[in-house]
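For reference, the structure discussed in these notes is given below.
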Amino acid sequence: MSRSVFKVLDIVKKIKSVLVNNFEGINEKDILISSPPDIKLGDIAIPLFSLSKKLNFPLPDLAEKCIPCVKIEPFVEKVERVGGYLNLYLNREIVAREIIQQVLLQNVQFGSSFSGKGKKALIEHTSINPNASPHVGRARNAMIGDSLSRLFRFEGYDTEVHYYVNDMGRQIGLLVLISGEIENLDFNGILEAYVRANQRAENDPEFAKYGYDLLAKMEQGDEEVRKKFFKVTEMCLKGQLQVLKRLGVEYDFFDRESDYIESEELNKVLEVLKAKGALFIDEEQRLTVDLSRLGYTQEEGRYFVLRRANGSSMYGYRDLAYTIYKGHRGADEDIIILGEDHKLYLQQISLILSSAGYKPPVPVFYSYILLKEGKMSTRQGNVVLLSDFLDTASVLALKRVQEQCKELSKEEQNLIAEQVAVSAIRFAVLRVTPTKNVIFDIESALSFEGDTGPYLQYSCARIKSILRKYGKEVHDDIPEPFPVQQNEEWMLVRKISEFPFTVLNSIEQCNPSIIAGFALDLAHIFTSFYHTCPVLHVDEEEIKIARLQLCKATLQTMQNALYLLGISVPERM
RNA sequence: GCGCCUGUAGCUCAGUUGGAUAGAGCACUUGCCUCCGGAGCAAGGGGCCGUGGGUUCAAAUCCCGCCGGGCGCGCCA
């Protein structure tokens, strides 16, 4: 069921205002605009059921009255009533011209409504514990966050991306402890070291205690200990960032948790909580917030501990301080990407912040990536490391590139293979709505066939090939009228016209999968067009040019969509 | 136990916020490279949209109950 709506032109807006002006007692919200289930039934559909009811006007009469109103010149060619629907047929040649023109004029900006102009967005994402190489499950956070960052930038927001470096805590303490025992510990050895440290802590209370002691010294600002923590976490962070960079994920700011051990402003917030009777020292000497005093109604999750009995801070304390800091950066949109396991936690800190007059960040939650065999577990060894996946995908892609692009240099071939590998993983993860679990199937993610990132790149490569073979620059002046002969051409135009709407929809819902779905639709329609409509092999020069322009507009739209997903488009593959 | 999320073809997922005949890909069957790139296209089979009620002109979509899956629930981060 396609519900394409022509957003590029203001036809929808015009229809609404015309109807509102012609009928008393209705407003724009009463008028629904959708589109017919089949291209044969027209391009825009207006269901009249509720209008007829609201106006107390028999449906056939209402339809009769509406038909001349919505026949908006010169775009609407024909209006028909089918059952309770008013179906509008657009003038393909005029509408297509307008749309293709817009795409070619706006090129890399086509799709943006600039809704974020003059506004600022702050996005925090990824925050993988610096203790291991990231697996694809963890990377879902980074991919969603990165894609949203691209969306916000695309819409004109002044966007800053933050990475919160969790360089504290008992786990890191243990890691620092054991790193002192291993010579030349590097990023590759870190996971093993981490696992070993945890095992030892379980069996050796002495060792565990050292971990805590080290953490306490770190908190108290012991310079030497701080240096040790920094050294280990920095090495780990660098390694992780290298892998993430392969995916095209980058950050503007790295904020270290250890810089938020003490916060005067947060202490003032705590005074507010105290005044509300929400802050107390519990029976085990922990500094605790009783959220029920702030409006929290559940018993589960009612208490939120800020400091241990020995006075050391908990993650929640530091994160509250950090969140306050972020709030002062003046962002209109303050967004944080979190795994679904943080839902209650975020609710808790949001309650604390808002009860002291702060605006909490807007969370985007995502569910875990599962393997067919079940959950990913580092301990059980059934994880798919991001770097491993990229390596195998890249090798597989290289084989095909070597066959198909023999004339290219080795470096170019490698580059393309890497681009294909990245698109395979990014698309496989991003195409699924964040709130749903992703069942990750390595086999199909590596197949590059069907609804995959490489398929999208492939369809672009085909367009580029056509444009290359044409040999000349395809100019941007669109003929009037623009010839549209086949349904496939028209369907392409319709799909392209949806893109700005899709972008807005995606950013409103903070859901990149909407873009992914759009890219797939567009690619399918294009390949269908490709097989039915010859571009270079047509005699009439006007048709050839028009189709070349349609190809160019399709490519531009596809590249813009893929850019938002962090997928780059090779010239050939 | 309580709370949040989720259930659509054998499998992996869409379904533009309540609209017309529920759509793709994988897998299976059948065609299509002397023709702009077969990482492709065209066609076919395959559905009680978890289940039982309700709301209305209209429900995969909204509300309630039940069942299955994911996540969480006081010194982890």
Side-chain angles (χ1 to χ4, degrees), chain A residues 1-5 32 34-38 41 45 47 49-50 52-53 59 82-85 87 127 129 166 168-172 257 282 284-289 297-310 312 314-316 318-319 339-345 347 365 367-368 370 372 375 397 400 404 420 428 431-433 435-441 443-444 447-452 454-459 461-463 465-470 498 501-502 505-506 509 513-514 516-518 520-521 524 527-528 530-537 547 551 572-573:
Chain A
M1 227 179 296
S2 156
R3 302 255 173 275
S4 69
V5 168
L32 294 165
S34 64
S35 92
D38 194 300
L41 288 167
F49 308 97
S50 59
S52 148
K53 203 171 178 185
L59 215 147
V82 180
Y85 297 91
N87 290 339
S127 296
N129 282 343
N166 302 133
M168 286 200 62
R170 195 183 74 104
Q171 312 281 340
I172 306 299
E257 190 183 331
D282 77 356
E284 289 170 59
Q285 304 304 304
R286 297 171 293 200
L287 182 66
T288 308
V289 182
T297 52
Q298 240 81 49
E299 185 55 33
E300 298 79 15
R302 175 180 166 185
Y303 298 105
F304 190 80
V305 177
L306 293 170
R307 285 188 191 281
R308 300 182 179 90
N310 69 4
S312 65
M314 296 275 289
Y315 178 79
R318 288 167 243 142
D319 193 34
E340 63 175 336
D341 52 335
H342 284 67
K343 278 182 186 176
L344 175 60
Y345 169 77
Q347 199 187 337
F365 294 111
S367 296
Y368 284 7
L370 310 174
K372 278 192 162 172
K375 295 177 203 173
R400 302 185 73 155
Q404 299 198 35
V420 171
R431 59 175 301 206
V432 182
T433 300
T435 49
K436 285 175 75 157
N437 288 106
V438 176
I439 315 289
F440 189 71
D441 177 17
E443 298 258 329
S444 63
S447 80
F448 307 151
E449 266 155 35
D451 287 353
T452 62
Y455 167 71
L456 302 175
Q457 291 175 313
Y458 182 70
S459 61
R462 280 173 143 182
I463 303 178
S465 173
I466 291 175
L467 296 176
R468 202 165 45 235
K469 288 206 162 104
Y470 177 61
E498 284 176 35
F501 171 70
T502 306
N505 205 2
S506 175
Q509 298 184 38
S513 81
I514 295 170
F518 172 86
L520 271 182
D521 284 350
H524 281 135
T527 38
S528 176
Y530 180 86
H531 282 272
T532 47
C533 304
V535 178
L536 298 175
H537 299 163
R547 287 191 177 159
C551 282
R572 50 187 101 198
M573 60 189 279

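So you know, we letter chains A, B, ... as the sequences are listed, proteins then strands, and number each from 1. On a predicted model such as this, the values are computed, not experimentally measured, just so you know.
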By side-chain contact (heavy atoms from CB on, under 4.5 Å), which residues pair with A/S444, not counting sequence neighbours?
A/D441
Spacing between A/R431 atom CZ and B/rA14 atom C1', to the nearest angstrom
8 Å
Scanning all shown strands, the Watson-Crick or wobble mate of B/rC73 with both distances under 3.5 Å is B/rG1
Protein-nucleic acid N or O pairs under 3.5 Å, nucleotides 6-11 of chain B:
none

Looking at A/T288 and A/R286, would you say the former's side chain and the latter's main chain have a donor-acceptor pair under 3.5 Å?
yes
Could you tell me the separation between the CG atom of A/N437 and the P atom of B/rG72, rounded to a whole number of Å?
12 Å
Distance, rounded to the nearest Å, where A/Y368 contributes OH and B/rC5 contributes C1':
13 Å
Using Watson-Crick or G-U wobble geometry with both distances below 3.5 Å, tell me the partner of B/rA42, or none.
B/rU30
Has the side chain of A/S447 got a donor or acceptor atom that lies under 3.5 Å from a matching backbone atom of A/E449?
yes
Picking from B/rA39, B/rC71, B/rC73, which would you name as closest to the side chain of A/P454?
B/rA39
Looking across every strand, which nucleic acid part, if any, lies under 4.0 Å from A/A461 by heavy atom: base, sugar-phosphate, or nothing?
base
Among the nucleotides B/rA42, B/rC5, B/rA14, whichever has the atom closest to the side chain of A/S528 is B/rA42
Side-chain donor/acceptor of A/T433 to backbone N/O of A/K436, under 3.5 Å:
no
Distance in angstrom units between A/E340 CD and B/rG72 C1', rounded:
9 Å
Who does B/rU55 pair with, Watson-Crick or G-U, both distances under 3.5 Å?
none
To the nearest Å, give me how far apart NZ (A/K343) and C1' (B/rG3) are.
10 Å
A/H342 NE2 to B/rC76 P, straight-line distance once rounded to whole Å
15 Å
Which base sits across from B/rU17 as a Watson-Crick or G-U pair, both distances under 3.5 Å?
none
Take atom CG of A/D341 and atom C1' of B/rC73, then tell me their distance rounded to the nearest Å.
13 Å
Tell me what A/Y345 touches on the nucleic acid: a base, only sugar-phosphate, or nothing, going by heavy atoms under 4.0 Å.
base
Under 3.5 Å, N/O pairs linking protein and nucleotides 30-35 of chain B:
{"unit_1": "B/rC35", "atom_1": "O2'", "unit_2": "A/H537", "atom_2": "ND1", "d": "3.4"}

Picking from B/rU16, B/rG40, B/rA24, which would you name as closest to the side chain of A/H524?
B/rA24
Under 4.0 Å, heavy atoms only, any strand: does A/G301 hit a base, just the sugar-phosphate, or nothing?
sugar-phosphate
For B/rC49, give its Watson-Crick or G-U wobble partner with both distances under 3.5 Å, or none.
none
Quick one: which of B/rA39, B/rA14, B/rC73 gets closest to the side chain of A/E449?
B/rA39
So what does A/Q347 touch, heavy atoms closer than 4.0 Å: a base, only the sugar-phosphate, or nothing?
nothing
Among the candidates B/rC75, B/rA24, B/rG40, find the nucleotide nearest to the side-chain atoms of A/E284.
B/rC75
What is the pairing partner of B/rG25, taking Watson-Crick or G-U wobble pairs with both distances under 3.5 Å in any strand?
B/rC11
Rounding to a whole Å, what distance do you find between A/Y455:OH and B/rU12:C1'?
17 Å
Would you confirm whether A/R547, through its side chain, and A/P534, through its main-chain N or O, come within 3.5 Å as a donor-acceptor pair?
yes
Checking all strands, does A/M573 fall into the base, sugar-phosphate, or nothing category for heavy-atom contacts under 4.0 angstrom?
base
Between B/rG40, B/rA20, B/rG74, spot the one nearest the side chain of A/Y303, thanks.
B/rG74
Answer with base, sugar-phosphate or nothing: what part of the nucleic acid does A/R572 contact at a heavy-atom distance below 4.0 Å?
base
Residue A/V432, side-chain heavy atoms: nucleotide from B/rG1, B/rG38, B/rC13 that is nearest
B/rC13
Minimum-distance nucleotide (side-chain atoms of A/Y530 versus B/rG74, B/rC36, B/rU16):
B/rC36
Could you check whether A/R400 gets within reach of a base, just the sugar-phosphate, or nothing at all, counting any heavy atom under 4.0 Å?
base
Side-chain atoms of A/M314 come closest, of B/rA20, B/rA77, B/rG15, to B/rA77
